[in-house]
Amino acid sequence: MNGQTILVTGGTGYIGSHACVELLTAGYQVVVVDNLSNSKVEPLRRLEQITGKTLQFYEADIRDKKALTEIFDREPIGAVMHFAGLKAVGESCRQPLSYYHNNVYGTMVLAEAMAEANVKQLVFSSSATVYGESTSVQYVEDFPLGAINPYGRSKLMIEEILRDLSAADAINGAQSPWKIALLRYFNPIGAHESGLIGEDPNGIPNNLMPYVSQVAIGKLAQLSVFGDDYPTRDGTGVRDYIHVVDLVKGHIKALEALQGEKFKSGGCKAYNLGTGRGYSVLDIIKTFEAVTGRKVNYKIGPRRAGDLPEYFANAELAYKELGWKAEKNLDDMVADTWNWQCKNPQGYV
Ligand code: NAD
Ligand code: UDP
């Protein structure tokens with residue numbers, strides 16, 4: 001609803017900052033809460049520059065119930081987009097408690113504060129990692145779930161907690177029931193076309209796209225392609241890369257749907273946000289070289305533990321029920337990544 005105030009947790013992060021741009025542009029008021037554990041405040045200044053609008057920022061941890069309650073008391077929040085959380089798979093295997101505490105417990109505290117403030121519309125950042133072993137590489141929302149690492153399990157646990165919350169409202173005949181969209185992201189890449197905001201990973205990137213672009217700009221010497229003996233068309237891993245701006249547009253559509261006829265009596269529903277198309281690691285390298293004119297120095301290395309050969313989204317449900325589909329292609333994703341990288345070779349520093 002235009003003019004409504006949206007609380008964005010994790011709003012200084014990569015995806016959250018792009019969501020703030022879309023929300024402000026669409027006429028929403030925005031309140032950001034972030035503990036800056038993996039981000040800086042600079043993106044807020046820049047997104048205000050992009051939109052010509054201002055937002056309210058609270059530096060706080062979502063596990064701090066008192067701080068959240070104060071925010072809900074002070075601001076006329078109508079709905080929440082919940083991005084805050086830790087997201088590195090490898091780190092989650094080394095520090096599982098930290099992931100469960102931040103992601104699962106943090107979401108529980110947020111949900112408690114929301115329920116107490118009677119704010120029960122929530123758009124949640126889930127992930128394609130919640131899908132279990134499957135016979136098809138094109139994931140559909142009703143496929144069996146089952147994550148294989150603590151990060152993925154934290155997302156799956158949150159999904160289940162949120163489903164339980166919604167089911168409890170149905171049992172209790174709640175007057176204003178929970179309305180929840182679980183958005184399962186595939187592989188978000190790219191940046192806002194202005195090049196003012198983008199992904200600013202700490203240290204050496206874990207993910208393919210920031211790694212490739214740091215090799216292309218000369219910050220890193222060489223990309224290691226994690227395996228070329230997978231049962232895929234060129235032997236390298238295949239993923240569904242989605243432009244971050246398309247992704248956050250999906251959040252606005254989900255928010256609108258929560259406020260529409262479909263969720264009138266409440267509910268909790270999962271939607272894939274992907275393009276429906278898979279690209280291999282070698283496709284990414286080739287496209288990067290073609291679009292930027294830079295050489296990407298790479299070698300074929302061993303497989304990375306825990307990687308699946310191939311998966312991509314079936315994104316039909318989001319189209320049917322949210323009226324959303326990804327519009328940008330791989331060339332756009334690469335061009336915007338490169339624009340951000342060239343304008344900000346040291347990130348937000
Ligand atoms: P990010 O790290 O850039 O943003 C997350 C933000 O949350 C950061 O600004 C961080 O400081 C903040 N944060 C973390 N714990 C917090 C806490 N306890 N209290 C307050 N703030 C906290 O990550 P991102 O890529 O923007 O991801 C956003 C969300 O999307 C995450 O929940 C992530 O798991 C999910 N997701 C991301 C991807 C991806 O590839 N980037 C894929 C699937 C799902
Ligand atoms: N990958 C790679 N080298 C890297 C990082 C990633 O070959 O330095 C591959 C990885 O094996 C996977 C794809 O790139 O097939 C995407 O990996 P990423 O970590 O970006 O996302 P994930 O699929 O793990 O969510």
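The residues of the chain are indexed from 1 along the displayed sequence. All values reported here derive from a predicted model rather than from experimental measurement. Counting starts at 1 for both ligands and their atoms, following the listed order.
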#### Entry: Test item, Tyr298 contacting ligand 2 (heavy atom, 4.0 angstrom)
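Checking ligand 2 against Tyr298, which is what was asked, there is no heavy-atom contact under 4.0 Å.
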Identify, by atom number and element, the atoms of ligand 2 in contact range of [X], meaning under 4.0 Å from any of its heavy atoms.
| X | answer |
| --- | --- |
| Val225 | 7 (O) |
| Leu223 | 3 (N), 4 (C), 8 (O) |
| Asn206 | 5 (C), 19 (O) |

### Task
With Val296 as reference, evaluate Val215, Ile284, Thr287 under the side-chain contact (heavy atoms from CB on, under 4.5 Å) test and give the passing residue.
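The residue from Val215, Ile284, Thr287 that satisfies side-chain contact (heavy atoms from CB on, under 4.5 Å) with Val296 turns out to be Val215.
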### Task
Evaluate the ring planes of His101 and Tyr105, with Trp represented by its six-membered ring, and classify them as parallel (under 30°), tilted (30 to 60°) or perpendicular (over 60°).
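Tilted.
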### Query
Tyr131 vs Phe143 aromatic rings, parallel, tilted or perpendicular, using cut-offs 30° and 60°?
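Plane angle over 60°, so perpendicular.
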Would you mind telling me if ligand 2 is within reach of the side chain of [X], the backbone, both or neither, using heavy atoms under 4.0 Å?
| X | result |
| --- | --- |
| Pro205 | neither |
| Asp307 | side chain |
| Tyr185 | neither |
| Leu208 | both |
| Asn187 | side chain |

#### Entry: Lys286 and Glu289 ion-paired at < 4.0 Å
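Glu289 and Lys286: not salt-bridged.
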### Query
Would you call Lys269-Glu321 a salt bridge at under 4.0 Å N-O?
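Looking at Glu321 together with Lys269, the answer is yes, because their closest N to O distance falls below 4.0 Å.
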Where's the contact between [X] and ligand 1, heavy-atom distance under 4.0 Å: side chain, backbone, both or neither?
| X | value |
| --- | --- |
| Leu36 | backbone |
| Lys155 | side chain |
| Ala128 | neither |

For [atom], the protein heavy atom that lies nearest, with its residue and separation:
| atom | value |
| --- | --- |
| atom 4 (O) of ligand 1 | Gly13 CA, 3.5 Å |
| atom 13 (N) of ligand 1 | Asn35 OD1, 3.4 Å |
| atom 11 (O) of ligand 1 | Asp34 OD1, 2.7 Å |
| atom 19 (O) of ligand 2 | Arg304 NH2, 2.8 Å |
| atom 15 (O) of ligand 2 | Gly237 CA, 3.6 Å |
| atom 33 (C) of ligand 1 | Tyr151 OH, 3.7 Å |
| atom 3 (N) of ligand 2 | Ser224 O, 2.8 Å |
| atom 24 (P) of ligand 1 | Lys87 NZ, 3.7 Å |
| atom 9 (C) of ligand 2 | Val281 CG2, 3.7 Å |
| atom 18 (N) of ligand 1 | Asn102 OD1, 2.7 Å |
| atom 23 (O) of ligand 2 | Arg239 NE, 2.5 Å |
| atom 18 (P) of ligand 2 | Asn207 ND2, 3.5 Å |
| atom 19 (N) of ligand 1 | Ile62 N, 3.0 Å |
| atom 2 (O) of ligand 1 | Asn38 ND2, 2.7 Å |

Could you list which atoms of ligand 1 come closer than 4.0 Å to a heavy atom of [X]?
| X | answer |
| --- | --- |
| Gly10 | 6 (C), 7 (O) |
| Ser127 | 43 (C), 44 (C) |
| Ser126 | 43 (C), 44 (C) |
| Gly85 | 5 (C), 7 (O), 13 (N), 14 (C), 15 (N) |
| Ser125 | 29 (C), 30 (O), 32 (O), 35 (C) |
| Ser39 | 8 (C), 9 (O), 11 (O) |

### Query
Is there a side-chain contact between Gln259 and Gln4, using heavy atoms and a 4.5 Å cut-off?
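Yes, at least one pair of side-chain atoms sits under 4.5 Å.
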Short question: side chain of [X], backbone of [Y] - any donor-acceptor pair under 3.5 Å?
| X | Y | value |
| --- | --- | --- |
| Asn103 | Gly85 | no |
| Asp332 | Asn329 | yes |
| Gln29 | Gly3 | no |
| Trp340 | Glu199 | yes |
| Asp240 | Thr275 | yes |
| Ser125 | His82 | yes |
| Asn149 | Gly152 | yes |

### Contacts of Met108 that satisfy side chain to side chain contact (heavy atoms under 4.5 Å, CB included) - sequence neighbours left out
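Scan of Met108 (side chain to side chain contact (heavy atoms under 4.5 Å, CB included), adjacent residues dropped) gives Val104, Ile161.
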### Ser126: partners by side chain to side chain donor-acceptor pair (under 3.5 Å), with sequence neighbours left out
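Testing Ser126 for side chain to side chain donor-acceptor pair (under 3.5 Å), a comparison that skips the adjacent residues, returns Glu159.
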### Query
Considering all heavy atoms of both residues, which atom of Glu193 and which atom of Asp336 are nearest to each other, and what is their separation?
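Glu193 and Asp336 have their closest heavy atoms at CA-OD1, 3.9 Å.
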### Task
Report yes or no: do Tyr99 and Glu91 form a side-chain donor-acceptor pair below 3.5 Å?
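Result is yes, a qualifying pair exists.
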### Among Tyr185, Phe83, Tyr105, closest by any non-hydrogen atom to atom 36 (N) of ligand 1
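It is Tyr185 that holds the nearest heavy atom.
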### Minimum non-hydrogen distance to atom 2 (C) of ligand 2, winning option of Tyr211, Tyr241, Phe226
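Residue with the shortest heavy-atom distance to the ligand atom: Phe226.
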### Message
Could you check whether atom NZ of Lys299 has more than 12 heavy atoms from other residues, nucleotides or ligands sitting under 6.0 Å from it?
### Response
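Yes, the 6.0 Å shell around NZ holds more than 12 heavy atoms from other groups.
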### His251 and Tyr185 aromatic centres sub-6.0 Å
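Under 6.0 Å, so yes.
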### Query
Below 4.0 Å from any atom of ligand 1, is there a heavy atom belonging to Ala60?
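Distance cut 4.0 Å: Ala60 passes for ligand 1.
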### Task
Mark the output for Pro188 as yes if a heavy-atom distance to ligand 1 is under 4.0 Å, and as no if none is.
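Right, Pro188 reaches ligand 1.
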What about [X]: any of its N or O atoms under 3.5 Å from an N or O on ligand 1?
| X | value |
| --- | --- |
| Tyr14 | yes |
| Ser37 | yes |
| Ile15 | yes |

#### Entry: Gap separating the CG atom of Leu23 from the CD1 atom of Ile6, nearest 0.5 angstrom
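The CG atom of Leu23 sits 6.0 Å away from the CD1 atom of Ile6.
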### Message
Once rounded to the nearest 0.5 Å, what's the spacing between atom CD of Glu22 and atom OG1 of Thr51?
### Response
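Between Glu22 CD and Thr51 OG1, I get 10.5 Å after rounding to 0.5 Å.
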